[in-house]
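Below is one structure, written out as structure tokens; comments come after it.
Both backbone and side-chain heavy atoms feed into the values below; hydrogens, waters and symmetry mates do not.
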Amino acid sequence: QVQLAESGGGSVQPGGSLRLSCAASGTFFAVNVMDWFRQAPGKGRELVATITEDGSTNYVDSVNGRFTISRDYVKNTVTLQMNSLKPEDTATYYCHANILTRRIINVDYWGQGTQVTVSS
């Protein structure tokens with residue numbers, strides 16, 4: 001079994017910062033692409049940021065320039081640094097990873113989600 005453990009969520013005023021972290025644990029050969037998704041009340045799940053196994057990154061337009069995604073290839077962690085937070089960033093944030101398992105297949109895993117609330 002593989003699990004993704006998220007941390008770093010909380011409440012912050014507009015303009016503040018938060019740092020989300022996600023660690024993959026278990027037995028596997030490699031972690032491929034890692035992503036952060038978010039889901040606000042009444043809305044669908046949105047892809048926020050992606051980082052590939054080669055280190056290439058992509059962001060949704062609404063967070064570009066404010067958020068930074070990074071990963072540690074040794075510790076199998078992914079981090080989302082969120083600066084200049086806005087009320088519209090309020091959502092549950094989910095870590096996602098595509099992982100090469102011991103059966104030599106790629107499997108998608110999801111974290112349980114961490115709440116981010118931005119309000120004055």
Side-chain angles (χ1 to χ4, degrees):
Q1 292 280 354
V2 178
Q3 294 189 20
L4 302 180
E6 300 146 326
S7 63
S11 298
V12 66
Q13 293 183 334
S17 298
L18 287 173
R19 183 176 181 268
L20 306 183
S21 296
C22 174
S25 62
T27 303
F28 49 85
F29 285 131
V31 179
N32 301 312
V33 64
M34 303 188 79
D35 316 279
W36 285 97
F37 288 74
R38 67 185 181 187
Q39 187 167 16
K43 298 183 179 180
R45 189 166 295 187
E46 176 188 39
L47 177 61
V48 178
T50 297
I51 183 165
T52 71
E53 57 268 35
D54 297 324
S56 298
T57 60
N58 284 285
Y59 303 89
V60 67
D61 288 343
S62 60
V63 309
N64 198 20
R66 300 187 296 118
F67 291 10
T68 302
I69 188 171
S70 61
R71 65 190 291 177
D72 187 316
Y73 293 89
V74 176
K75 297 180 179 180
N76 293 314
T77 60
V78 61
T79 298
L80 186 67
Q81 178 66 47
M82 305 185 295
N83 298 325
S84 302
L85 284 163
K86 304 175 180 179
E88 50 263 44
D89 295 318
T90 296
T92 301
Y93 284 70
Y94 297 90
C95 176
H96 163 264
N98 184 264
I99 293 177
L100 180 64
T101 71
R102 293 195 300 169
R103 300 298 186 187
I104 320 299
I105 58 173
N106 294 321
V107 179
D108 292 308
Y109 290 91
W110 293 87
Q112 293 297 310
T114 184
Q115 180 65 38
V116 171
T117 302
V118 185
S119 65
S120 59

Any chain of hydrophobic side-chain contacts (each under 4.5 Å) joining [X] to [Y]?
{"X": "Trp110", "Y": "Val33", "answer": "no"}
{"X": "Val107", "Y": "Val78", "answer": "yes"}
{"X": "Tyr109", "Y": "Ile69", "answer": "yes"}
{"X": "Phe37", "Y": "Val63", "answer": "no"}
{"X": "Ile105", "Y": "Phe28", "answer": "yes"}

Can you name the closest pair of heavy atoms from [X] and [Y] and give their distance?
{"X": "Ser21", "Y": "Thr79", "result": "OG-OG1, 3.8 Å"}
{"X": "Asn83", "Y": "Ser17", "result": "OD1-OG, 2.9 Å"}
{"X": "Met82", "Y": "Leu85", "result": "CB-CD2, 3.8 Å"}
{"X": "Gly10", "Y": "Leu18", "result": "O-CD1, 3.8 Å"}
{"X": "Val31", "Y": "Ala97", "result": "CG1-CB, 4.2 Å"}
{"X": "Pro14", "Y": "Ser120", "result": "CD-N, 3.8 Å"}

Pairs where residues 51-73 contributes a residue and the test ring pair (Phe, Tyr, Trp, His ring centres under 6.0 Å) is met, not counting sequence neighbours:
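Found none.
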Any donor-acceptor pair under 3.5 Å linking the side chain of [X] with the backbone of [Y]?
{"X": "Glu6", "Y": "Gly113", "answer": "yes"}
{"X": "Thr90", "Y": "Val118", "answer": "yes"}
{"X": "Gln81", "Y": "Thr68", "answer": "no"}

Distance (rounded to the nearest 0.5 Å) between [X] [atom1] and [Y] [atom2]:
{"X": "Thr77", "Y": "Arg71", "atom1": "OG1", "atom2": "CZ", "answer": "9.0 Å"}
{"X": "Leu47", "Y": "Trp36", "atom1": "CG", "atom2": "CH2", "answer": "12.5 Å"}
{"X": "Met34", "Y": "Leu80", "atom1": "CE", "atom2": "CG", "answer": "12.0 Å"}
{"X": "Cys22", "Y": "Gln3", "atom1": "SG", "atom2": "CD", "answer": "11.0 Å"}
{"X": "Thr101", "Y": "Asn106", "atom1": "OG1", "atom2": "CG", "answer": "7.5 Å"}
{"X": "Asn32", "Y": "Asp54", "atom1": "CG", "atom2": "CG", "answer": "10.0 Å"}

Can you confirm whether more than 12 heavy atoms, excluding those of [X], are under 6.0 Å from its [atom1] atom?
{"X": "Glu53", "atom1": "CD", "answer": "yes"}
{"X": "Arg45", "atom1": "CZ", "answer": "yes"}
{"X": "Glu46", "atom1": "CD", "answer": "yes"}

Show the numbers, then the answer: is there a side-chain contact (heavy atoms from CB on, under 4.5 Å) between Arg38 and Val116?
CA-CA 9 Å; Arg38 67 185 181 187; Val116 171; over 6 Å; no
